[in-house]
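Comments concern the structure below.
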Protein chains: 2
Amino acid sequence: MTVPTLLSPDVRSDRCGDCPIRYRAVCSHCEADQLAILDQMKSYRSYSAGDTLIWAGEPVSKLGSIVKGCASLTRTMEDGRRQMVGLLFPSDFLGRPGREASPYDVIAATDVTLCQFERESFETFLGATPQIGNRLLEMTLDELDAAREWMLLLGRKTAREKIASFLVILARRDALLNKKFPGDHAKFDMIISRESLADYLGLTIETTSRQISALKNEGIIRLTGKRMVEVPDFDRLLRESGEDA
Amino acid sequence: MTVPTLLSPDVRSDRCGDCPIRYRAVCSHCEADQLAILDQMKSYRSYSAGDTLIWAGEPVSKLGSIVKGCASLTRTMEDGRRQMVGLLFPSDFLGRPGREASPYDVIAATDVTLCQFERESFETFLGATPQIGNRLLEMTLDELDAAREWMLLLGRKTAREKIASFLVILARRDALLNKKFPGDHAKFDMIISRESLADYLGLTIETTSRQISALKNEGIIRLTGKRMVEVPDFDRLLRESGEDA
DNA sequence: CGCCTGATTGACGCGGTTCAACCTCAGTGG
DNA sequence: CCACTGAGGTTGAACCGCGTCAATCAGGCG
């Protein structure tokens, strides 16, 4: 576990107004005066890739937003079988108001910067500030939709479709972040290891690796290094994913 | 589709104060004066088993709570593969505030009574009544946890464990509804057909049927009729489900 | 260089799907 | 009263996609 720093070197200023996730995070609907209160309550903390932010079942006293990086939510069975049940990106909220412990491990997939609050003070603020609650409801409903989308993938898609679906999501994300059109030649980092990917898709490492190789050999994707992926023809990838439109 | 009735014959009175889901539904945190407003806004509607309450992608103008019965949320792929992504029981909320269309079909698994609101008036009320929003947030977070639990089942459990896990949920529900201890000899209705069950568990009908037969032959469950299940030894069933505790 | 971790590839077997036959039961009508 | 029908469920046999086990490879680091 990394030694926590008060201010991540990658965050320019510690004022909420300058925050890169100001308009997407749980605080996005807040007015200036409410933001000032959050500004007082918050603190930053950094984690290195691989660090565990929250252990399943352990009580946690903090809640917060991902400012930078990517973290995974994972459930593990007694015999070691693992299933990733979510991926958190910048602006996503971490921890559940009204509950002490998380039912899953939260692990930094990359280096992560967190904007965190004490549970108690955040919950008090939440009770007094409908904007926070409304935004949190919006975000939770979106996560629920995403989880259900993933249930279709886990329950019904083939290994090949699972891999393609994951790449489609990353390609769309790449297009969004870089203001390109989805369909444009995408190039992005795969973010997570083969092992994590297997845990995300409900597959083994070997099947994951084989299907990626197959897509590469058929020219549907190109690999540079282990992690960088290029998608020359987005629609072709989309067809492999089993999705319409 | 059944002809809608203004008042279901099974609901004793149409006043919210007498409602069977008064203390669990989205309205549970409301005060008397807020309840009076909801009382004006709501209307009841009945559906028969098999009716489609909401078609995926179609705009819907209503939101509401399940008062009686059980409905399923299902996603379908172009080639016909289907995955159930949720089951709604009495007090569960139906429809998403802030979004016109549902990404999945909602189908009555049994006869269903719905307490429904016009989207617009409900959203207005939601904006003015933090209690509603807070309760909705709680319920959505619970659903998210349930969905993630299900992701573990879909991604990592064997067919046998999937069946056992489903029966564990029903047995617990039976114990809760009838104020027994989980662990007591449970007896309950399976609610859904083999086909729906297969769609829920990410299996085929045949595998579902085979695994149920296997559990029966080993004495872990007893079947009376096609749908009624008895569980003589809950812990034994629990062990088959792959869960701990 | 040797070591270690993560990824790839191959051979093989099993769990679950597929295809198909048959069974059960409730509803219908002669 | 019973034959007919159709939907839902069960059972069997063959196949195959993915998991398992194992060997090998590629790259980073002391």
Side-chain angles (χ1 to χ4, degrees), chain A residues 48-50 72 77 79-84 107 109-110 153-167 189-218 221-229 240 242, chain B residues 48-50 72 77 79-84 107 109-110 153-167 189-218 221-229 240 242:
Chain A
S48 299
S72 67
M77 294 171 68
D79 60 7
R81 281 176 284 176
R82 291 158 58 86
Q83 176 64 50
M84 201 183 290
I107 301 170
T110 65
L153 176 142
L154 291 172
R156 293 302 184 194
K157 291 192 177 178
T158 65
R160 186 185 175 90
E161 288 171 336
K162 286 177 174 180
I163 300 286
S165 298
F166 179 73
L167 294 175
D189 187 289
M190 203 123 70
I191 307 173
I192 55 178
S193 67
R194 295 286 189 273
E195 181 172 20
S196 298
L197 183 53
D199 285 342
Y200 201 22
L201 301 176
L203 298 171
T204 59
I205 304 180
E206 295 92 330
T207 303
T208 302
S209 183
R210 268 186 265 269
Q211 295 297 338
I212 290 178
S213 297
L215 290 176
K216 184 188 69 184
N217 293 336
E218 294 171 35
I221 59 172
R222 272 199 292 273
L223 298 181
T224 41
K226 294 279 172 195
R227 293 279 185 89
M228 290 303 292
V229 179
E240 297 294 340
Chain B
S48 298
S72 67
M77 295 172 67
D79 61 8
R81 281 177 283 177
R82 292 158 56 88
Q83 176 65 51
M84 200 183 291
I107 302 172
T110 65
L153 177 143
L154 290 173
R156 293 303 183 194
K157 290 192 178 179
T158 65
R160 184 184 176 90
E161 289 170 336
K162 286 178 176 180
I163 301 286
S165 298
F166 179 73
L167 294 176
D189 188 288
M190 205 124 70
I191 306 174
I192 54 177
S193 67
R194 296 287 190 274
E195 181 171 23
S196 298
L197 183 53
D199 285 343
Y200 200 23
L201 301 175
L203 297 170
T204 58
I205 303 180
E206 294 92 331
T207 303
T208 303
S209 182
R210 268 187 264 270
Q211 295 297 337
I212 290 177
S213 298
L215 291 176
K216 184 188 69 183
N217 293 336
E218 295 172 33
I221 59 172
R222 271 199 293 273
L223 299 181
T224 41
K226 294 280 174 199
R227 292 279 183 91
M228 289 304 292
V229 180
E240 297 295 339

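Worth saying up front: this structure is predicted, and the values here are computed from it rather than measured. Chain naming here is simple, since letters A, B, ... match the order of the sequence lines and numbering starts at 1 in each.
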Sorted by position of nearest nucleotide on DNA chain C, 5' first, the leading residue of A:Thr208 and B:Gln211 is A:Thr208
I need the CZ-C1' distance between B:Arg82 and C:dT17, as an integer number of Å. 18 Å
Please compare B:Lys226 and A:Lys226 by the position of their nearest nucleotide in DNA chain D and report the one closer to 5'. B:Lys226
Has the side chain of A:Glu161 got a donor or acceptor atom that lies under 3.5 Å from a matching backbone atom of A:Glu240? no
Nucleotide of C:dA7, D:dT20, C:dT18 approaching A:Glu206 most closely (side-chain heavy atoms): D:dT20
Rounded to the nearest Å, what distance is computed from the CG atom of residue B:Leu223 to the P atom of nucleotide D:dG9? 12 Å
Does a side-chain heavy-atom distance below 4.5 Å link A:Leu153 with B:Gln83? no
State, to 0.1 Å, how close A:Ile192 and A:Ala109 come at their nearest heavy-atom pair, and which atoms those are. CG2-CB, 3.9 Å
Please pick, from D:dC18, D:dG19, C:dT17, the nucleotide with the shortest atom-to-atom distance to any side-chain atom of A:Ala159. D:dC18
For the backbone of B:Arg156 and the side chain of A:Arg81, can you confirm whether one donor and one acceptor N or O come within less than 3.5 Å of each other? yes
Which nucleotide in the list C:dT8, D:dG19, D:dT11 gets nearest to the side chain of B:Ser213? D:dT11
How bent is the helix from C:dC1-D:dG30 to C:dG30-D:dC1, comparing axes over its five end pairs at each side, to the nearest 10°? 20°
Which part of the nucleic acid, if any, lies within reach of B:Thr158 when heavy atoms closer than 4.0 Å are counted: base, sugar-phosphate only, or nothing? sugar-phosphate
Length of the line joining A:Ile205:CD1 and D:dA26:C1', which is rounded to integer Å: 16 Å
Within residues 189-197 of chain A: residues closer than 4.0 Å to DNA chain D (heavy atoms): none
A:Leu203 CG to C:dA7 C1': how many Å, rounded? 16 Å
Would you classify B:Gly225 as touching base, sugar-phosphate or nothing, given that sugar-phosphate means primed atoms plus P, OP1 and OP2, and contacts are heavy atoms under 4.0 Å? nothing
Taking the side chain as C-beta and beyond, is there a heavy-atom pair between A:Leu167 and A:Ile212 under 4.5 Å? no
Taken to the nearest 0.5 Å, the spacing of B:Lys157 NZ from B:Lys162 NZ works out to 10.0 Å
Students often get this wrong, so: under 4.0 angstrom with heavy atoms, is A:Ile212 touching a base, only sugar-phosphate, or nothing? nothing
Among B:Leu203, B:Thr204, B:Asp199, find the one that has a side chain to side chain contact (heavy atoms under 4.5 Å, CB included) with B:Leu201. B:Leu203
Nearest heavy-atom neighbours spanning A:Met190 and A:Val229: SD-CG2, 3.7 Å
Taking CG from B:Leu154 and C1' from C:dG16, how many angstroms apart are they, rounded to a whole number? 15 Å
With a 4.0 Å limit, can you tell me whether B:Thr204 has a side-chain N or O closer than that to the phosphate oxygens OP1/OP2 of C:dT17? yes
Measuring from atom NZ of B:Lys216 to atom CZ of B:Arg222, what distance do you get when rounded to the nearest 0.5 angstrom? 12.5 Å
Working to the nearest 0.5 angstrom, can you tell me the gap between B:Tyr200 OH and B:Thr208 OG1? 13.5 Å
Protein-nucleotide distance (A:Asp79, atom CG; D:dG19, atom C1'), rounded to Å: 14 Å
For atom CZ of A:Arg227 and atom P of D:dA26, their distance in whole Å: 19 Å
For A:Lys216 and C:dT9, give me the distance from atom NZ to atom C1', rounded to whole Å. 11 Å
Per B:Ser209 side chain, nearest of listed nucleotides C:dA7, C:dT17, D:dG9: D:dG9
Give the nucleotide from the list C:dT18, D:dG9, C:dG10 with an atom nearest to the side chain of B:Arg210. C:dT18
